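Worksheet: the structure to be examined is printed underneath.
Nothing here was measured: the structure is a model prediction, and the numbers come from that model. So you know, we letter chains A, B, ... as the sequences are listed, proteins then strands, and number each from 1.
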There are 2 protein chains.
Amino acid sequence: MKLSTKGRYAVTAMMDLAIHDHQGPVTLADISQCQGISLSYLEQLFAKLRKEGLVEGVRGPGGGYRLGRPSSQISIAEIINAVDENIDVTRCLGNKDCHGGEKCLTHQLWEDLSGRLYGFLDNLTLASFINRPEIREVSRRQDTIASRIATMFPPRPTIGGTTVVAGAAC
Amino acid sequence: MKLSTKGRYAVTAMMDLAIHDHQGPVTLADISQCQGISLSYLEQLFAKLRKEGLVEGVRGPGGGYRLGRPSSQISIAEIINAVDENIDVTRCLGNKDCHGGEKCLTHQLWEDLSGRLYGFLDNLTLASFINRPEIREVSRRQDTIASRIATMFPPRPTIGGTTVVAGAAC
DNA sequence: TAATTCCCGACTGAATTACTTGGTATCTTA
DNA sequence: TAAGATACCAAGTAATTCAGTCGGGAATTA
């Protein structure tokens, strides 16, 4: 279990998808602009997320990324693991037994801690974050702003039946 | 909140101190040898831990490091924070408001998550790991092995009144 | 057909990690 | 008092990871 800004990028991007799930796919260009992450870097992260089935891509105009599963079935731990791919085995594990046969005590303790941490993050789903009323409220307000912008700036109000959302709302 | 191998090194080293607390200070040379971490790198980590009051150094022969407080009053979060010093502010925070005044929604959500994670790790103390009976048992067995080694190999059986522990037990 | 988007791989600068070297200061024991 | 053990300190360095750039496809929609 590792936790870096890379993992944070992935988690916040996934939250973005989860929030706008009902409006069709979200483009990486949007996320890139909103969160100030470079587009190509996001592409690399999403390649990993896609490999784990956490997201699915939709090509062509009106395309973007969607959650691979309902947000209630995606845990924070999964997201972090997908991008951080941290096998990070403690050094002495297969290496040499630290003191004649039994596994190094402190490494055992670390695995214990690591397991507890994973359990904690695996119990937190995307849904548990975005389904809180105050979040829903802000998100709803942004949708109306976004659709107002979408109607103010001209063309292509719908694509494939779903309403297009202006890129600025995040 | 960040979590890397650096943090892991610090946590396992602190667990080491906690386990051998009753036997007087533990030298960095011991920890270095046991856990396969370079001595000077450990020194750098311990400099930070010392700055936070988590450990205290004892110079001279028979010296080493001791916990700065009882293990029941040292949390995992404190240890990780001490060495990772990760201020890691989300990019848009003071920068520019993402959408006209209110704080970016996903960054708000991240802070929420980050806070929960910190809370979790702050509730885990060193003591909660090492005071479990099976750990105490292994640790006790190692002590006897260590003291047996200490009596087999000759000199300086005691320093300052406390029994010297051979370096190999970890 | 043209625009839009995902998809892919190679490369690059910057930061961080983990380690090295070469010291100095303080303490304990003989 | 001398010698050795240990913490303490600072500068430098190779390897790794982070984050981004570039230059292209391939699929989809209007």
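Comparing atom distances between the A/Arg59 side chain and each of D/dT29, C/dC6, D/dC18 picks out C/dC6 as nearest. Relative to the side chain of B/Gln44, the nucleotides C/dA10, D/dA7, C/dT20 differ in distance, and C/dT20 lies closest. Counting only heavy atoms from C-beta on, A/Ser38 has its side chain closest to D/dG20 among C/dT17, D/dG20, D/dA7. For B/Tyr41, whose side chain is taken as the heavy atoms from C-beta onward, the closest listed nucleotide among D/dC18, C/dT17, C/dT4 is C/dT17. Side-chain proximity of B/Thr27 to C/dT17, D/dT6, D/dC18: nearest is D/dT6. Side-chain proximity of B/Pro61 to the nucleotides D/dT21, D/dC18, D/dG4 is greatest for D/dG4.
Nucleotides of DNA chain C nearest to B/Gly7 and A/Ser40 differ in position, and the one nearer the 5' end is that of A/Ser40. When the nearest nucleotides of DNA chain D are assigned to B/Val26 and A/Val58 by heavy-atom distance, the more 5′-ward of the two goes with B/Val26. Mapping B/Val83 and B/Glu43 onto DNA chain C by nearest heavy atom places B/Val83 closer to the 5' end of the strand.
Test B/Leu28, B/Thr5, B/Leu42 against B/Ile37 for side-chain contact (heavy atoms from CB on, under 4.5 Å) and you get one pass: B/Leu42.
Going from atom NZ of B/Lys48 over to atom C1' of C/dT16 covers 10 Å, rounded to whole Å. Nucleotide D/dG23 holds its P atom 15 Å from the CG atom of A/Leu39, rounded to whole Å. Spacing between atom CD1 of A/Ile31 and atom P of C/dC6 amounts to 9 Å, rounded to whole angstrom units. The distance from atom CG of A/Leu45 to atom C1' of D/dT17 is 13 Å, rounded to the nearest whole Å. Between the P atom of C/dC8 and the CZ atom of A/Phe46 lies a distance of 15 Å, rounded to the nearest Å. Straight-line distance from the CG atom of A/Leu42 to the C1' atom of C/dT5: 14 Å, rounded to whole Å. Between the CG atom of B/Leu49 and the P atom of D/dC8 there is a distance of 11 Å, given to the nearest Å. Rounded to whole Å, the distance from CG on B/Asp30 to C1' on D/dT6 is 11 Å.
The phosphate of C/dT5 has neither OP1 nor OP2 within less than 4.0 Å of any side-chain N or O from A/Tyr65. Between A/Arg50 and C/dC8, a side-chain N or O to OP1/OP2 separation shorter than 4.0 Å is present. Remark: A/Lys2 is in phosphate contact with D/dC18, judged by side-chain N or O atoms under 4.0 Å from OP1 or OP2. Between C/dT17 and B/Tyr9, no contact under 4.0 Å exists linking OP1 or OP2 to a side-chain N or O. Considering only side-chain N and O atoms, B/Ser4 lies nowhere under 4.0 angstrom from the phosphate OP1 or OP2 of C/dT16.
Using cut-offs of 30° and 60° for the angle between ring planes, the B/Tyr9 and B/Tyr41 rings count as perpendicular.
Using a 4.5 Å heavy-atom cutoff, the side chains of B/Leu126 and B/Met15 are in contact. Side-chain atoms of A/Ile19 and A/Val26, non-hydrogen and from C-beta on, never get closer than 4.5 Å to each other.
Under 3.5 Å, the side chains of B/Gln35 and B/Asp16 contain a donor-acceptor pair of N or O atoms.
Hydrophobic clustering (side-chain heavy atoms under 4.5 Å, transitive across Ile, Leu, Val, Met, Phe, Trp, Tyr) keeps B/Tyr65 apart from B/Val58.
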